[in-house]
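These notes are about the structure you will find just below.
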Number of protein chains: 2
Amino acid sequence: MRIGELAALVGVTTRTVRHYHHLGLLPEPTRLGNGYREYRLRDAVELARVRRLTELGLSLDEVRDVLADDRGRELREVLEELDADLARQQEAIGAQRDRLAALLAAGEPDPDAAVSPDLAAVLRGLPVAGSPSAALDRDMLALIDTGAAPAERAAFTALLQPLADPDIAARLPDLYARLDDLADADPTDPRVPVLATDLADCLPAELLAAMRDPRGRTWLDELSRELGPAQAAVFRHLSGGTP
Amino acid sequence: MRIGELAALVGVTTRTVRHYHHLGLLPEPTRLGNGYREYRLRDAVELARVRRLTELGLSLDEVRDVLADDRGRELREVLEELDADLARQQEAIGAQRDRLAALLAAGEPDPDAAVSPDLAAVLRGLPVAGSPSAALDRDMLALIDTGAAPAERAAFTALLQPLADPDIAARLPDLYARLDDLADADPTDPRVPVLATDLADCLPAELLAAMRDPRGRTWLDELSRELGPAQAAVFRHLSGGTP
DNA sequence: CTTGACCCTGCCGCGACGTCAACGTCTCTA
DNA sequence: TAGAGACGTTGACGTCGCGGCAGGGTCAAG
């Protein structure tokens, strides 16, 4: 038999056979005078064995190990491990499909705000138009949401829920506008403490508390980098006073 | 923000961020004087969006398409296709695990004779020791079995079943020995027609018939290549007479 | 003599990064 | 001020199981 025949017999390509030779999974057969490989039935049997193992999902390295490590006992371990691996994959795919189903069921899957649905609702209630600080806020909130574990995410959304209240939402555009006005101001600007007071008045107490704990401060630091000095000063006032 | 901070924020490696830049999934930010990339919060948001999409299972190419092809409608298609794909994978893995379970349940998983269990039983009943022709036969049968679809496989095994009958099995060693003796003989050797007759006497009629149909002849041709001329002649007698 | 069907070796490509290498830059500390 | 260690930069190779191609040689039939 020549290589094409062998390959057809077992149902692989000639490229595959040569690949197995290259990796040493299959011994190189004797050559004919013209350099062609000459196979015998036993080679086909060996090839078929390799194929069966790969089709079970073994990697070529694993196949080599199994073939080397004579018969049976190692194979059993590998197969069991493989099964466990497949079980994990099944589970992972199932979870993945659940997530997909949730997204698809939500009507319009918007990866832009592929934040948790509750947060999305809050964000929709916040004003954005034309205010850089408001846009920053949205970005920040989205980021916190995507990075958090589900449990934290729920707590976080709960913190923000009050902002969706119409009374509060109505006061936000003015506050954002005043924050925008401080973009190029000096941190000692007299408007800073006034705005901080008005903000503290408007925001829920729990949210203010969260801004004072270490995790909240980290995020505020992040946010402050993108703000002007006076704007950052406002948040320093909010999150703990003087420093 | 510099690249390490950005990466940590979103939960990827810096290598990943640079990879996305390279592919154009994420715009290159402005550089600092020292050549460092300087990121802003919006970059983190963009990166997080890419990440969410990849974590849903989209390829980076698909992510690029979705991001380019503004919002929503294309995404839905991709996600649905993805779900279908995952469903196929689930099914495939399930089938795979079934096969594994069958193998593992069979006690000792022997990939050597990972032929169908029925055939394995038949093969166990056949004599092998020291007979090259018998070994060839086993190889051949194993090969036919592994290449066949399940339905054909059953039919094929059924054909061979009679060989497991003790009366017949008892006569096989002698027949194999006589076939071995013809290894270097001339095709005109008088022992050839005699052995052919004795074999025909011993083998089930259905098997002889199968050897005469085109598929059977192909396999016999294959087998004959590994045999001596006189041995091949025996099978020519069996499978149709003169040619 | 050509055509077409085989065979040979050897190398690039895929996907989503990980992992060097070889180098520059910043910050802290002794 | 010097050195250490943690950052950053670009660039190239490795992964896995082959597919595909380039650039040849071989062989049988028309």
Side-chain angles (χ1 to χ4, degrees), chain A residues 1-26 28-40 43-44 47-67 78 82 85-86 89 92 96 225, chain B residues 1-26 28-40 43 47-67 78 82 85-86 89 92 96 222 225:
Chain A
M1 266 191 298
R2 292 183 304 183
I3 196 170
E5 211 172 345
L6 171 75
L9 205 58
V10 180
V12 300
T13 68
T14 62
R15 184 68 184 79
T16 298
V17 176
R18 281 192 276 255
H19 188 52
Y20 291 171
H21 285 320
H22 191 68
L23 298 187
L25 285 180
L26 215 55
E28 281 275 2
T30 60
R31 301 288 183 129
L32 255 29
N34 51 17
Y36 289 12
R37 294 177 179 85
E38 172 72 356
Y39 296 93
R40 337 231 20 201
D43 296 313
L47 175 56
R49 186 158 66 217
V50 170
R51 257 291 110 170
R52 270 195 303 273
L53 291 175
T54 67
E55 277 164 10
L56 280 173
L58 300 203
S59 75
L60 298 187
D61 277 357
E62 289 169 324
V63 170
R64 176 163 39 218
D65 291 350
V66 168
L67 292 185
V78 174
L82 190 59
D85 206 45
L86 288 180
Q89 282 185 40
Q96 197 73 343
R225 301 253 203 94
Chain B
M1 266 191 297
R2 293 183 304 184
I3 196 170
E5 213 171 343
L6 171 74
L9 206 56
V10 179
V12 300
T13 68
T14 61
R15 182 64 181 84
T16 298
V17 175
R18 282 192 273 256
H19 187 53
Y20 290 171
H21 285 321
H22 191 68
L23 297 187
L25 284 179
L26 217 55
E28 281 275 3
T30 61
R31 302 288 184 126
L32 255 29
N34 52 18
Y36 289 12
R37 294 178 178 84
E38 172 73 355
Y39 296 94
R40 337 238 11 206
D43 296 312
L47 175 56
R49 188 158 64 217
V50 171
R51 257 290 109 171
R52 269 195 305 273
L53 291 176
T54 67
E55 277 165 10
L56 281 173
L58 300 204
S59 75
L60 298 187
D61 277 356
E62 289 169 325
V63 170
R64 177 163 39 218
D65 291 350
V66 168
L67 292 184
V78 175
L82 190 58
D85 205 44
L86 289 180
Q89 282 186 40
Q96 196 74 344
E222 210 68 60
R225 301 253 202 95

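In what follows, chains are A, B, ... by sequence order, proteins preceding strands, each numbered from 1. Since the model is a prediction, treat every value here as computed from it, not as a measurement.
We find that CG of L6(B) is positioned 11 Å from P of dT9(D), with the value rounded to whole Å. Here dG17(D) presents its P atom at 14 Å from CG of L56(A), a figure rounded to the nearest Å. Atom CG in L32(A) sits roughly 14 Å away from atom C1' in dG25(D) (whole-Å rounding). Distance L26(A) CG to dC18(D) P: 13 Å, rounded to the nearest Å. The nearest whole Å value for the distance from the CZ atom in R31(A) to the C1' atom in dC8(C) is 8 Å. Separating the CZ atom of R18(B) from the P atom of dT10(D) is a distance of 7 Å, rounded to the nearest angstrom. The CG atom of L60(B) sits 6 Å away from the C1' atom of dA16(C) (whole-angstrom rounding). Between Y36(B) atom OH and dT27(C) atom C1' there is a gap of 11 Å when expressed in whole angstrom units.
A side-chain donor-acceptor contact under 3.5 Å links Q96(B) to the backbone of L56(A). Side-chain N or O atoms of R49(B) include none that pairs as donor or acceptor with a backbone N or O of L67(B) at under 3.5 Å.
Using a 4.0 Å heavy-atom criterion, one finds that T54(A) contacts no nucleic acid atom at all.
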Would R2(B) and R37(B) count as a side-chain contact (heavy atoms from CB on, under 4.5 Å) if you check the C-alpha gap in whole Å, the side-chain angles of each, and the deciding distance to 0.1 Å? CA-CA 6 Å; R2(B) 293 183 304 184; R37(B) 294 178 178 84; over 6 Å; no
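Phosphate contact (OP1/OP2 of dG8(D), side-chain N/O of T14(B), threshold under 4.0 Å): absent. Put simply, T13(A) has a side-chain N or O that comes within less than 4.0 Å of OP1 or OP2 on dG19(D). Between N34(A) and dC8(C), a side-chain N or O to OP1/OP2 separation shorter than 4.0 Å is absent. Between dG18(C) and T16(B), a contact under 4.0 Å exists linking OP1 or OP2 to a side-chain N or O. Residue R51(B) has a polar side-chain atom (N or O) positioned under 4.0 Å from OP1 or OP2 of dC17(C).
Looking at every heavy atom in both residues, R51(A) comes nearest to V10(A) through CG-CG1, 3.9 Å.
Mapping R15(B) and E5(B) onto DNA chain D by nearest heavy atom places E5(B) closer to the 5' end of the strand. Nearer to the 5' terminus of DNA chain C, by closest-nucleotide assignment, is the contact made by Y39(A) (compared with the other of Y39(A) and L23(B)).
The existence of a salt bridge linking D43(B) and R40(B) is excluded, since no basic side-chain nitrogen approaches an acidic carboxylate oxygen closer than 4.0 Å.
The base of dG8(D) has none of its N or O atoms less than 3.5 Å from a complementary donor or acceptor on the side chain of R2(B).
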